[in-house]
Amino acid sequence: MADPSVASLGRAVIFLGPPGAGKGTQARQIAKRFDVPHISTGDMIREHIQRGTPLGQSARPFMDRGELVPDEVVLNMVEELVAQPGFPETFVLDGFPRTFRQAERFDEFLREHGRAEPLVVHFVVDTKQLLRRLTGRRTCSVGGEIYNIYDNPPRVPGQCDVDGGKLIQRPDDNEDVITRRLGTYIARTRLLVDYYRKENALLELDGLAPPAVVTERLIEMLAPAR
Ligand code: AMP
């Protein structure tokens, strides 16, 4: 059921953390539960790649190598969406911003559009646990539902509980690419945590708690922050 308290936050909520920290799973939950948009830049880029758009073609080599897609590409994609007339004040960003420049430019964009400063939730997890999460991650090829064969398996192996879609492993979830993606995170995303900490807009969360517990904590965190 939609809870107006989160929708009335009136600002963007950024989920920050390394790949595998549970951002995607939680962003989907929170967005569904509170009926606000969920913007996953990773999903958007994957969709472009699938459709074979020029943006997808230019992004693909970066994604396959586990590197970040250039800032301009991602910024334009997000800004175009959020600048649409009537786009809600409250939405959840998952996987964006990923660099200092993206964060700064997005802050500027929000200011220019008369929108409030974002609220940032940092998912804290340790690296060993992350590797397990990422190598165990399986995604529904139909609805995008996320599972983990160790911690959150589907009822029937290889099959989505929600729509019966085939579960697939993302090509960038193999150990080599994961190690690179984590390196990318450590090199870049930590700067973001510092940036938002300075702005005093950072909430921290233990990303290792069971998913349902994390969801409840998020709800508690977001509701009183109105
Ligand atoms: P994700 O699904 O968030 O793990 O993202 C998968 C891949 O998409 C990343 O490894 C990057 O190649 C690309 N990507 C997603 N979001 C961004 C972003 N904000 N900036 C740059 N690249 C991104």
Side-chain angles (χ1 to χ4, degrees), residues 12-31 37-51 53-82 91-110 118 120-123 125 127 130-141 143-148 167-193 195-196 207:
V13 181
I14 294 173
F15 283 2
L16 208 66
K23 301 188 301 288
T25 304
Q26 296 299 336
R28 289 173 73 85
Q29 289 293 331
I30 292 293
H38 166 208
I39 303 179
S40 155
T41 44
D43 283 353
M44 286 170 87
I45 298 167
R46 275 185 288 278
E47 206 183 295
H48 275 280
I49 291 175
Q50 234 169 15
R51 296 202 330 252
T53 66
L55 191 153
Q57 281 169 5
S58 65
R60 182 171 202 152
F62 294 97
M63 198 183 225
D64 285 350
R65 289 195 299 265
E67 290 169 11
L68 291 182
V69 170
D71 288 339
E72 290 308 310
V73 174
V74 182
L75 277 161
N76 289 339
M77 219 171 57
V78 173
E79 292 182 1
E80 204 174 281
L81 182 68
V82 177
F91 53 94
V92 181
L93 279 165
D94 148 31
F96 175 91
R98 285 273 232 286
T99 66
F100 195 70
R101 178 162 164 68
Q102 288 178 17
E104 273 189 330
R105 267 272 310 265
F106 188 59
D107 271 355
E108 261 170 52
F109 167 86
L110 293 174
V120 186
V121 182
H122 180 209
F123 288 64
V125 273
T127 317
L130 275 184
L131 267 174
R132 184 179 145 96
R133 279 217 175 158
L134 287 164
T135 50
R137 177 157 72 179
R138 299 293 180 274
T139 309
C140 174
S141 54
E145 211 68 30
I146 301 166
Y147 297 87
N148 188 289
L167 300 187
I168 51 166
Q169 186 172 26
R170 276 170 43 175
D172 59 346
D173 273 349
N174 73 64
E175 206 156 331
D176 270 3
V177 180
I178 287 168
T179 308
R180 196 157 327 129
R181 283 166 62 208
L182 285 181
T184 308
Y185 164 73
I186 288 159
R188 296 199 188 240
T189 316
R190 288 239 171 107
L191 288 173
L192 290 182
V193 172
Y195 173 79
Y196 286 120

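Whatever order the structure lists ligands and atoms in, that order sets their numbers, starting from 1.
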S.K.: Near Gln102, which atoms of ligand 1 are under 4.0 Å from a heavy atom of that residue?
M.R.: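 Going through ligand 1 atom by atom, the ones under 4.0 Å from Gln102 are 18 (C), 19 (N), 20 (N), 21 (C).
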S.K.: Can you find an N or O of Gly66 that's nearer than 3.5 Å to an N or O of ligand 1?
M.R.: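 Min N/O separation from ligand 1 is not below 3.5 Å for Gly66.
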S.K.: Mind running side-chain contact (heavy atoms from CB on, under 4.5 Å) on Asn174 and Gln169 for me, showing each step along the way?
M.R.: CA-CA 8 Å; Asn174 73 64; Gln169 186 172 26; 5.7 Å; no
S.K.: If you count the atoms of ligand 1 from 1 in the order shown, which ones are under 4.0 Å from a heavy atom of Gly42?
M.R.: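 Reading through ligand 1 atom by atom, the close ones are 2 (O), 5 (O), 15 (C), 16 (N).
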S.K.: Does CD in Glu80 sit with more than 12 non-hydrogen atoms of other residues, nucleotides or ligands closer than 6.0 Å?
M.R.: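 Not buried by this count: 12 neighbours or fewer within 6.0 Å.
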S.K.: What do the steps show when you test Asp107 against Tyr195 for side chain to side chain donor-acceptor pair (under 3.5 Å), and what is the final call?
M.R.: CA-CA 11 Å; Asp107 271 355; Tyr195 173 79; 2.6 Å; yes
S.K.: Report yes or no: does Arg170 have a heavy atom closer than 4.0 Å to ligand 1?
M.R.: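 Yes.
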S.K.: What atoms in ligand 1 come closer than 4.0 Å to a heavy atom of Arg46?
M.R.: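 Answer, ordered by atom number: 2 (O), 6 (C).
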S.K.: Need the ligand 1 atom indices (1-based, order shown) with element for anything under 4.0 Å from a heavy-atom of Thr41.
M.R.: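 Under 4.0 Å from Thr41, ligand 1 has these atoms: 15 (C), 16 (N), 17 (C), 19 (N).
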S.K.: Answer whether the closest heavy-atom distance between the side chains of Leu182 and Leu130 falls below 4.5 Å.
M.R.: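 In contact.
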S.K.: Out of Thr99, Ile45, Leu93, Val78, who is nearest to atom 23 (C) of ligand 1 when you count heavy atoms only?
M.R.: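 When every heavy atom of Thr99, Ile45, Leu93, Val78 is considered, Ile45 comes closest to atom 23 (C) of ligand 1.
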S.K.: Can you tell which of Lys23, Arg98, Met63 gets a heavy atom nearest to atom 5 (O) of ligand 1?
M.R.: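 The option holding the nearest heavy atom is Arg98.
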S.K.: In the protein, which heavy atom is nearest to atom 12 (O) of ligand 1, and how far is it?
M.R.: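 Ranking protein heavy atoms by distance from atom 12 (O) of ligand 1, first comes Glu67 O, 2.6 Å.
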S.K.: So between Asp43, Val69, Asp173, whose heavy atom ends up nearest atom 21 (C) of ligand 1?
M.R.: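 Looking at heavy atoms only, the winner is Val69.
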S.K.: Might you point out which heavy atoms bring Arg133 and Gly207 nearest each other, and give the distance in Å?
M.R.: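 Heavy atoms only, the tightest pair is NH2-O, 3.0 Å.
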S.K.: Could you tell me if the side chain of Phe106 sits less than 4.5 Å from the side chain of Leu93, heavy atoms only?
M.R.: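 Leu93 reaches Phe106 side chain to side chain.
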S.K.: Kindly indicate whether a cation-pi arrangement holds for Arg65 with Phe62, taking the cut-offs as under 6.0 Å to the six-membered ring centre and within 45° of the axis.
M.R.: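 Cation-pi check for Arg65 and Phe62: passes.
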S.K.: Does Arg137 reach ligand 1 with a nitrogen or oxygen that is under 3.5 Å from one of the ligand's nitrogen or oxygen atoms?
M.R.: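 Arg137 vs ligand 1: no N/O contact under 3.5 Å.
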S.K.: Assess the residue pair Arg105 and Glu72 against the criterion (salt bridge (Lys or Arg N to Asp or Glu O under 4.0 Å)); give the C-alpha distance rounded to whole Å, side-chain angles, the decisive distance to 0.1 Å, and a yes or no.
M.R.: CA-CA 10 Å; Arg105 267 272 310 265; Glu72 290 308 310; 3.3 Å; yes
